[in-house]
Amino acid sequence: MAWTTPLLYERLTWPEVRRAVAEDRVCLIPAGVLEDHGPHLPIDTDSRIATEICRRAAERIPDRVVLLPTLVHGYTPHHMDFPGPISIGWKTFVDHAVDVGSSLAHHGFKRILFLNGHGSNIPLLDVAARLVSLKHPDVLCASAFYLTSEEAQRVIAEVRESERGGMGHACELETSIYLAIDPEAVDMDRAVDENSFPEGPHAWMDWSDGPLKLMPWWNAISHTGVHGAPTKATAEKGRILLEAAVAECVSFVEELLAKPLPERWTPSEVAP
Ligand SMILES: [Zn+2]
């Protein structure tokens, strides 16, 4: 039977799963959360953006990827004072991601990528990917947050009109991308800018955070649920950012494919 494009994991038969393993495909797993994204964006923003990036990347390199269902729920306890968020405990979330990755490794897949759309999932998916790699020493399991590569940061700098702090949450960046994906779902009349995060020389909140990590309860740093400048968002910026995110995801997949699989060995003597 001909492969569908993109290759959706959940639609495969078991012989097709075996074939996808034999083709050494990268398992691409989008991850996000449901949480408040200001008065103008749906609560699925992080999950939907990650899903869209991965689907488009999988369509671009159909022979190299098998696309997994999105990990829709993530870790967001600090948002719970706003209506809407569904928060999975950090350990449950890590265990869940490890179990998904380990199942794929069990079936023979050697290259796995969690592509994440939610800030607070970052350290947890980093740990989850490490744990899968430790459990399956011949497997390359990685995680990445979107629009973080050098090239993507260059595109962000070119596109943005807001100052640092304008691209944090429900911001110029996320609102633009959602406008590019589904303009009907965004209520720009209700978009408001806010930057109440206590910035300092080392702690700030933007698409790349400062080195000093600080995350209080969300309502302690935002009245509207927004951190950033969504009023500066446009669909045109969104198309450019989304394209950069898709190209970045493709390059992550290609890098994973280019890497040799790890080989574990036992050091028994001092090398000459
Ligand atoms: Zn978000």
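When a ligand or atom number is given, it counts from 1 through the structure's own listing order.
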TODO: Would you confirm whether the ring centroid of Trp217 sits within less than 6.0 angstrom of the ring centroid of Phe82?
DONE: no
TODO: For this output row, return yes or no: ring centroids of His79 and His169 closer than 6.0 angstrom.
DONE: yes
For the Zn ion (ligand 1), which N, O or S atom of [X] is at the shortest distance?
X	value
Asp46	OD1
Glu174	OE2
His37	NE2

TODO: Report, as yes or no, whether the 6.0 Å neighbourhood of atom CD on Glu163 holds more than 12 heavy atoms from other residues, nucleotides or ligands.
DONE: no
Open item on the list: With side chain to side chain donor-acceptor pair (under 3.5 Å) as the criterion, how do Thr45 and Glu174 come out once you've worked through the C-alpha distance, each side chain's angles and the decisive distance to 0.1 Å?
Closed with: CA-CA 8 Å; Thr45 297; Glu174 287 186 317; over 6 Å; no
